[in-house]
Every structure is written in C-alpha cells, then in structure tokens.
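Data first, discussion second: the structure below is written as structure tokens.
Chain identifiers are assigned alphabetically (A, B, ...) following the order of the sequence lines, protein sequences preceding nucleic acid strands; residue numbering begins at 1 within each chain. Quick caveat, the model's predicted, so the values are computed rather than measured.
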There are 2 protein chains.
Amino acid sequence: MEIKTKQQGIKVVADVLDIVGGKWRGQILAHLCDDPKRFNELKTVLNRITSSTLTKELRYLEDIKMVERKIIQDTPIVVEYRLTEHGMSIKDLIYHIVAWGLKHRDTVFEKKG
Amino acid sequence: MEIKTKQQGIKVVADVLDIVGGKWRGQILAHLCDDPKRFNELKTVLNRITSSTLTKELRYLEDIKMVERKIIQDTPIVVEYRLTEHGMSIKDLIYHIVAWGLKHRDTVFEKKG
DNA sequence: TATACAGGTAGTTTTTAGGATACCTAATTT
DNA sequence: AAATTAGGTATCCTAAAAACTACCTGTATA
C-alpha cells in the first residue's frame with residue numbers, strides 16, 4: 001500500500017484517529033475487544049473517567065456504528081455495550097497499536113518519566 | 001496477544017495515541033513515511049496548518065525521537081525532516097491505520113458527510 | 001528597490017475536550 | 001426509612017490545543 005496516494009491516503013489517517021483518538025475512545029474500544037461490558041464496568045476499569053464523559057464517548061461510538069448499546073434487562077435495568085459486527089474490525093488495529101506500543105514506547109518515552 | 005493483560009495492555013493504547021493522535025501528528029508521520037520532507041512541503045501538504053503549529057508538532061516529534069531535523073544546506077537554508085531509524089518502526093502501524101480506514105471509514109462515517 | 005520564498009518565533013485569542021458538580025428514576029439492601 | 005447500586009442527564013467551567021496575527025533573518029528574483 002502506498003501512502004503516497006496523496007490526499008486520499010493521508011486524510012484517512014486523520015479520520016481513523018478521529019475515531020480512535022482522544023483520551024478515552026481507544027481505551028474504550030480496547031476494553032470492548034475482550035467482551036461486552038456494562039456501563040459501570042467500563043467506568044471502573046477506565047480509572048478517573050466521569051459518567052458524563054463516558055456517556056458522551058459511548059454515544060459517539062454508537063453514532064458511528066462502532067458500538068451498540070443493549071438493554072439486556074429492564075428492571076432493574078442492565079445495559080451492555082459491545083462492538084458491533086462492523087466494530088469488531090477494529091480489533092486487529094488495536095492489536096497493532098498495542099504491539100507497537102509494547103515494543104517502542106519505552107524508547108520513545110525514555111526522557112519523559 | 002491478549003489485550004486482557006488489563007491495565008498493561010490498555011494503558012499502552014493511550015500512550016501510543018498520545019504520540020500519533022491529535023489533529024496533526026498522525027498526518028505528519030504519514031507524510032514522512034514516504035520520504036523526507038522540507039518544512040514548507042509539509043506545510044503545503046498539510047492543508048491549513050499554521051507555521052507555529054507545525055513547528056510545535058515537529059519539535060514534539062523530535063523530542064520523542066521519532067523525527068529528526070537536518071539542515072541540509074546552510075545558505076540559503078534548507079531543512080529536511082525525516083523519520084529517525086526508530087521512527088521508521090511507525091510505518092507498519094500507519095499502514096494498518098490506512099488499511100483499516102480505507103476499508104471502513106465509509107461505513108463508519110456514512111451519516112457524517 | 002522591493003517583493004517573495006525559506007524557515008521559522010512570539011504573543012494573543014478562540015475552540016474544544018474533558019472534568020466538576022448536581023441531579024434524575026427505579027430497584028435493592030440494610 | 002435511608003442508603004446504595006445501576007445507568008444515566010444537564011449545566012457550567014477550565015485547561016489545553018490549535019488558530020490568528022504579526023514579526024524575524026537571510027537569500028533570491030523582478
């Protein structure tokens with residue numbers, strides 16, 4: 001694949017990073033790679049995220065069809081978030097991100113504590 | 001690879017996205033995957049970036065040893081930015097990002113113009 | 001002579017992401 | 001009856017990211 005495919009190939013990088021970037025989206029998607037998670041499970045595992053931020057990020061991921069919200073029980077309410085079938089496609093990319101990070105982040109961050 | 005390696009595997013996603021994320025860094029790295037580029041080449045190809053932002057982003061990428069700045073001619077001054085040897089390792093990841101994006105961004109962005 | 005290009009810096013302002021705080025319904029537990 | 005859990009919403013606020021504007025050195029070009 002040639003990235004040289006000028007504005008085509010580069011804009012796509014920005015688009016993908018819109019989806020996966022920011023402080024939380026990558027982490028949320030990474031957690032959902034394993035298995036579906038409930039709202040408060042995500043909240044616990046994403047240390048320090050607030051309810052309102054988590055809600056916003058999940059709504060965004062729903063809007064772009066990466067994640068779906070499923071009410072699995074009505075009363076008491078139980079909600080589950082999972083990757084859509086289409087969203088599953090992100091797993092590979094997340095694996096590559098993790099792989100690169102495990103190999104290289106120490107070098108790259110050596111001077112940054 | 002198991003992402004389930006709890007906080008280990010997830011924190012690394014955030015770290016990598018720190019490097020590659022934001023509005024410009026991914027695009028800058030993607031452009032430098034092809035070949036070295038001069039300051040104003042980058043500025044032209046990254047439509048709408050300002051000099052000061054480009055300078056900041058390049059300085060950051062230099063600090064973390066992903067990119068190096070090389071004065072290739074003194075007078076008149078000619079400066080070239082290229083991936084460091086270590087920075088080259090990002091190529092694969094960029095390719096995966098582009099690959100995923102080309103396959104999936106239409107679906108994902110179908111409702112977003 | 002003056003205008004443009006190359007490669008920037010400095011200072012200020014705007015925009016945006018994310019955080020803080022408070023609050024909501026309904027059920028369950030103490 | 002009161003507190004806790006589950007799953008949020010609404011509003012405001014702040015800190016950081018990026019943009020805007022102006023300016024700089026030095027060379028080449030018209």
Side-chain angles (χ1 to χ4, degrees), chain A residues 10-11 13-32 35-64 66-82 112, chain B residues 10-11 13-32 35-64 66-82 112:
Chain A
I10 300 304
K11 178 64 163 49
V13 172
D15 287 350
V16 174
L17 291 173
D18 253 14
I19 295 169
V20 113
K23 188 166 177 184
W24 298 114
R25 278 174 214 163
Q27 294 181 70
I28 291 170
L29 291 170
H31 279 290
L32 295 179
D35 34 50
K37 296 245 175 354
R38 292 168 61 178
F39 187 87
N40 280 310
E41 280 185 279
L42 283 172
K43 211 188 152 187
T44 301
V45 82
L46 298 168
N47 219 21
R48 306 278 172 197
I49 198 172
T50 61
S51 288
S52 58
T53 299
L54 181 54
T55 300
K56 276 175 215 162
E57 297 301 333
L58 286 170
R59 293 295 168 270
Y60 172 83
L61 292 171
E62 283 174 72
D63 282 351
I64 64 169
M66 292 293 293
V67 161
E68 65 185 329
R69 175 180 188 274
K70 204 156 200 174
I71 298 174
I72 58 174
Q73 187 185 293
D74 240 46
T75 164
I77 192 165
V78 175
V79 174
E80 192 177 86
Y81 292 92
R82 59 173 70 207
K112 303 189 66 169
Chain B
I10 299 303
K11 178 61 162 50
V13 173
D15 286 350
V16 174
L17 291 172
D18 254 14
I19 294 169
V20 116
K23 187 167 179 182
W24 298 113
R25 277 174 214 163
Q27 295 182 68
I28 291 170
L29 291 170
H31 278 291
L32 295 180
D35 33 49
K37 295 244 176 352
R38 291 167 62 179
F39 186 86
N40 280 312
E41 280 186 279
L42 284 172
K43 211 189 152 185
T44 301
V45 82
L46 298 168
N47 221 19
R48 305 276 172 201
I49 199 172
T50 62
S51 288
S52 59
T53 299
L54 181 54
T55 299
K56 275 176 215 157
E57 298 302 332
L58 286 170
R59 294 295 169 270
Y60 173 83
L61 292 170
E62 284 175 73
D63 282 351
I64 64 170
M66 292 295 292
V67 162
E68 62 186 331
R69 177 179 186 272
K70 204 157 197 171
I71 298 176
I72 58 174
Q73 187 185 293
D74 241 45
T75 165
I77 192 164
V78 175
V79 175
E80 194 177 83
Y81 291 91
R82 60 173 68 208
K112 302 192 68 172

If you check every side-chain atom of [X], which of [options] has the closest atom?
{"X": "B:Ser51", "options": "D:dA19, C:dG8, D:dG7", "value": "C:dG8"}
{"X": "B:Lys56", "options": "D:dA18, C:dA27, C:dG18", "value": "D:dA18"}
{"X": "B:Ser52", "options": "C:dG8, C:dG11, C:dT21", "value": "C:dG11"}
{"X": "A:Thr53", "options": "C:dG19, C:dA6, C:dG8", "value": "C:dG19"}
{"X": "A:Thr55", "options": "D:dG8, C:dA27, D:dC20", "value": "D:dG8"}

Given atom [atom1] of [X] and atom [atom2] of [N], what is their separation to the nearest angstrom?
{"X": "A:Asn40", "N": "D:dT5", "atom1": "CG", "atom2": "P", "answer": "10 Å"}
{"X": "A:Gln27", "N": "C:dG18", "atom1": "CD", "atom2": "P", "answer": "11 Å"}
{"X": "B:Lys23", "N": "D:dA16", "atom1": "NZ", "atom2": "C1'", "answer": "14 Å"}
{"X": "B:Lys43", "N": "C:dA6", "atom1": "NZ", "atom2": "C1'", "answer": "10 Å"}
{"X": "A:Leu58", "N": "D:dT9", "atom1": "CG", "atom2": "C1'", "answer": "14 Å"}
{"X": "B:Asp74", "N": "C:dG7", "atom1": "CG", "atom2": "C1'", "answer": "13 Å"}
{"X": "B:Arg59", "N": "C:dA10", "atom1": "CZ", "atom2": "C1'", "answer": "14 Å"}
{"X": "A:Leu54", "N": "C:dA20", "atom1": "CG", "atom2": "C1'", "answer": "16 Å"}

For [X], which contact category applies under a 4.0 Å heavy-atom criterion: base, sugar-phosphate, or nothing?
{"X": "B:Thr75", "value": "sugar-phosphate"}
{"X": "B:Arg69", "value": "sugar-phosphate"}
{"X": "B:Glu57", "value": "sugar-phosphate"}

With sequence neighbours left out, write down each residue that passes side chain to side chain contact (heavy atoms under 4.5 Å, CB included) with B:Thr55, or none if nothing qualifies.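 Side chain to side chain contact (heavy atoms under 4.5 Å, CB included) list for B:Thr55, sorted by chain: B:Phe39, B:Arg59.
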For [X] and [Y], indicate whether the former's side chain and the latter's backbone hold a donor-acceptor pair under 3.5 Å.
{"X": "A:Arg25", "Y": "A:Asp18", "result": "yes"}
{"X": "A:Gln73", "Y": "A:Pro76", "result": "yes"}
{"X": "A:Lys43", "Y": "A:Leu54", "result": "no"}

Could you state the interatomic distance from CG (A:Leu29) to CD1 (A:Ile19), rounded to the nearest 0.5 Å?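 Those atoms lie 9.0 Å apart.
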When you match B:Arg25 and A:Glu41 each to their closest nucleotide on DNA chain D, which lands nearer the 5' end?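 Per heavy-atom nearest nucleotide, the more 5' residue is A:Glu41.
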Closest-nucleotide mapping onto DNA chain C: is B:Ile77 or A:Ile49 further toward the 5' terminus? I mean the 5' end.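 Upstream on the strand: B:Ile77.
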